[in-house]
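So the structure is just underneath, and the comments pick up after that.
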There are 2 protein chains.
Amino acid sequence: MNSANDGSRTGGGTSGTLRGARERARSEITAAIKDEARTQLAAEGAAKLSLRAVARELGMVSSALYRYFPSRDELLTALIVDAYDSVGAAAEGAAGPADADPVERWTAVCTAVRSWALAHPHEYALIYGSPVPGYAAPQTTIAPASRVGLTLITVARDAHRGPGVAPPPLAAELRPEAERMAAGLAADLPPALVASLVAAWSQVFGLISFELFGQFTKIVEDRDTFFAQSVARIGRDAGLAPAGSAGVLHREYA
Amino acid sequence: MNSANDGSRTGGGTSGTLRGARERARSEITAAIKDEARTQLAAEGAAKLSLRAVARELGMVSSALYRYFPSRDELLTALIVDAYDSVGAAAEGAAGPADADPVERWTAVCTAVRSWALAHPHEYALIYGSPVPGYAAPQTTIAPASRVGLTLITVARDAHRGPGVAPPPLAAELRPEAERMAAGLAADLPPALVASLVAAWSQVFGLISFELFGQFTKIVEDRDTFFAQSVARIGRDAGLAPAGSAGVLHREYA
DNA sequence: GTCTATACCCCGATAGAC
DNA sequence: GTCTATCGGGGTATAGAC
């Protein structure tokens, strides 16, 4: 992943411009390879991603690709990191100002993630679907993978600073685990809130995965509305709304 | 999938016993093929399931397999149907008596699904994970696929017959879709309840998928407790508990 | 219903010339 | 850094003998 070594042998003291040009060409080709790989991801899936097919489509010879990615798994890792960064950026961009309504912020972030998923279903499957057999994600994927979760925690933190927002109930059996989670994720937040958030976060991805992976076929039709309402309720129940605000809805329709 | 045609040519009027033996042998071999295929599913994933490898491992020659499954996709379909039936049976078996506590029944069914998933991760991935590229599930998978959902609906129906269990709030925007869902899934239940149930159902699978697919690595450790508590809350929030019962918990820790 | 043989494809990875 | 050539695998599916 570090291209600094490549130009140093010939470009050492002769020409900074040349080295710059080479690095530019290199990064362009790298980008083209990843783009084509993403196309293949859509057609054949991650398990069958093949360097040869990518090379063929780019008019290269397979061995040339090894100058850019030392193995198939490294290419896969690059795609995974890109995907996490892409959805993470979408989530961060949707979070909005810290003083906005927490449930609306929560809903906006989750909706952004869903929109990203609908626009990039195969990349979504790559990072949130079944693991690729025989592939083990390296440590480098951990940081980008956490961006969405951190965004949601930020929303919760801002909400918790506001008035009247109480953490949700926490069962006694869950307290030790909740404290462990809070210590690792957001030591400044109440453990009950952190535990609720992690559950809520995974529940939102359950909604998205079911929609994307076809489990809602013939069951849910107006999926935009269904998602928006479900996610808002998850957010409220997780402790982002001032206590009692859900009751308003309840009174309306009881 | 229909084996009646195979023995009829030679066994027509001569020997019912012979035909019985042949069909028995056939079903045993069919089972052996599926078992070996499941083993390969675990090792290589559904996308790379190959008839040749299955045949090799069984000491057969690849072309012999075509007498049992006309194509790779038919074998895959058989595995999918088996998996849905397997998890469906586990769910149904855990539902317990109709007069038990609804939230406990809900939790028992969801826990059974999770246990099944942990015991059969690759079959879970096959049916609830990323779709297999290039494979389209035929209509025959629909009925087995609905068994878990129907079990949860049954639990909700029994709960709704009980005293004091009110459907959860339903936002006005969601009412048309909720009525559509209710019409297709459980016309005798309130639309608000059906919509909540579908959302809750997908949220439970979000928890299971995140755990199974590695998203809880280094985040959730005591997963049994985390799942049990999260699922119980989902069930209560979906309208399986008498109104106000969640408040008990709330008062305990507020 | 199992066998051999075959047609015709695919892959990851490396060696060594240029 | 790209090329050809190569090693040593893999696959689906069918034809036709037995």
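We name chains A, B, ... by the order of the sequence lines, and we start the count at 1 in each one.
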Sub-4.0 Å heavy-atom contacts from residues 28-37 of chain A onto DNA chain D, ordered by number: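 Correct list: A/I29.
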
Rounded interatomic separation in angstrom, taking [atom1] from [X] and [atom2] from [N]:
X     : N      : atom1 : atom2 : value
B/L75 : D/dT12 : CG    : C1'   : 13 Å
A/E57 : C/dC10 : CD    : C1'   : 14 Å
A/L58 : D/dG1  : CG    : P     : 16 Å
A/R56 : C/dC9  : CZ    : P     : 11 Å
B/L65 : C/dG1  : CG    : P     : 13 Å
B/R26 : C/dG1  : CZ    : C1'   : 9 Å
A/R52 : D/dG10 : CZ    : P     : 15 Å
B/E74 : D/dT12 : CD    : C1'   : 15 Å

Report the nucleotide, chosen from [options], that has the shortest atom-to-atom distance to any side-chain atom of [X].
X     : options               : answer
A/S62 : C/dC11, C/dT4, C/dA13 : C/dA13
B/Y66 : D/dT12, D/dT2, D/dA15 : D/dT12
B/M60 : D/dA13, C/dT2, D/dG11 : C/dT2
B/R67 : C/dG1, D/dG11, D/dT4  : C/dG1
A/L51 : D/dG1, D/dA13, C/dG12 : C/dG12

N/O (side chain, A/Y68) to phosphate O (OP1/OP2, D/dT2) under 4.0 Å: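 Checking D/dT2 against A/Y68, a side-chain N or O does come within under 4.0 Å of OP1 or OP2.
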
side-chain N/O B/R72 vs D/dA13 OP1/OP2, d < 4.0 Å: no

Parallel, tilted or perpendicular: rings of B/Y128 and B/Y124 (30°, 60°):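 Because their plane-to-plane angle lies in the 30° to 60° range, the rings of B/Y124 and B/Y128 count as tilted.
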
SB check B/R180 A/D222 (cutoff 4.0 Å): no

Any donor-acceptor pair under 3.5 Å from A/S202 side chain to A/A199 backbone: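 Pair found, side chain donor or acceptor close to backbone of A/A199.
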
Earlier contact from the 5' end, DNA chain D, for B/S50 and A/A64: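 Whichever sits nearer the 5' end wins; that is A/A64.
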
Sugar-phosphate only, base, or nothing, as touched by A/L49 at under 4.0 Å among non-hydrogen atoms: sugar-phosphate

Helical bend (five base pairs per end, nearest 10°) for the helix from C/dG1-D/dC18 to C/dC18-D/dG1: 0°

Presence of donor-acceptor pair under 3.5 Å, side chain of B/S63 and base of C/dT4: yes

A/V220 and B/V198: CA distance, side-chain angles, deciding distance, side-chain contact (heavy atoms from CB on, under 4.5 Å) verdict: CA-CA 9 Å; A/V220 182; B/V198 172; 3.9 Å; yes

